Amino acid sequence: MEIIFPKCITILSDKLKVIQDKNFNGGSFDLDKDEIVIGTKSLKENPHYTFSIISHEILEIIYSKMNARYSSSRMHNNYLFSFDHQTFENANQIYCDTIKLFIK
């Protein structure tokens, strides 16, 4: 699998800048800044891991924008997800349309 990095992606009509960070292996997003950060430190050694980070962040963005991701009062960064099957189907279609931009 070859991973490519588009400069921008659009999720639910919001355009997000895609930023690669070669210094770490994680990911994050900031909807206020309209950006998604993907750590690519292990990209050459383990592209599947990097792909899982991309997938994770894209799905979290989708569920956040669909109001299906909630903050937990118990722990910082421990999010709760709640949605019905139709929301899952819609999110899955948006995910598939978005993730194909990262695959060559």
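Values in this document were obtained by computation on a predicted structure and should not be read as measured data.
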Exercise for review: Let me see the working for N90 and T87 under side chain to side chain donor-acceptor pair (under 3.5 Å), right down to the final yes or no.
Suggested key: CA-CA 5 Å; N90 294 343; T87 301; 5.5 Å; no

Can you give the donor-acceptor pairs under 3.5 Å from side chains of residues 29-37 to other protein atoms, not counting sequence neighbours?
| residue | atom | partner | partner atom | Å |
| --- | --- | --- | --- | --- |
| D30 | OD1 | D32 | N | 2.9 |
| D30 | OD1 | K33 | N | 3.1 |

Report the distance from atom [atom1] of [X] to atom [atom2] of [Y], rounding to the nearest 0.5 Å.
X	Y	atom1	atom2	answer
L43	E2	CG	CD	9.5 Å
I3	L101	CD1	CG	13.5 Å
T50	K41	OG1	NZ	12.0 Å
K44	T40	NZ	OG1	9.5 Å
I54	F51	CD1	CZ	7.0 Å
I62	F88	CD1	CZ	11.0 Å

Quick check: do [X] and [Y] have side-chain heavy atoms less than 4.5 Å from each other?
X	Y	answer
M66	L12	yes
N46	H48	yes
E60	R69	yes
L16	T10	no
I103	I4	no

**Study point:** ring-ring contact (aromatic ring centres under 6.0 Å, His included) partners of Y49, counting only residues at least two apart
**Key:** none

Practice item. Return the orientation label for the Y63 and F81 ring planes: parallel under 30°, perpendicular over 60°, tilted otherwise. Key: perpendicular

Check your understanding: Should the pair F102 and F5 be assigned to parallel (<30°), tilted (30 to 60°) or perpendicular (>60°) ring geometry?
Key -> perpendicular

Practice item. Please say whether more than 12 non-hydrogen atoms of neighbouring residues, nucleotides or ligands are located less than 6.0 Å from NZ in K65. Key: yes

Exercise for review: For the pair D21 (side chain) and I38 (backbone), establish whether a donor and an acceptor sit closer than 3.5 Å, ignoring hydrogens and angles.
Suggested key: no

Practice item. Would you confirm whether the ring centroid of Y79 sits within less than 6.0 angstrom of the ring centroid of Y70? Key: no

Exercise for review: Specify the closest pair of heavy atoms between G26 and I53, including all atoms of both residues, with the distance to one decimal.
Suggested key: O-CG2, 3.5 Å

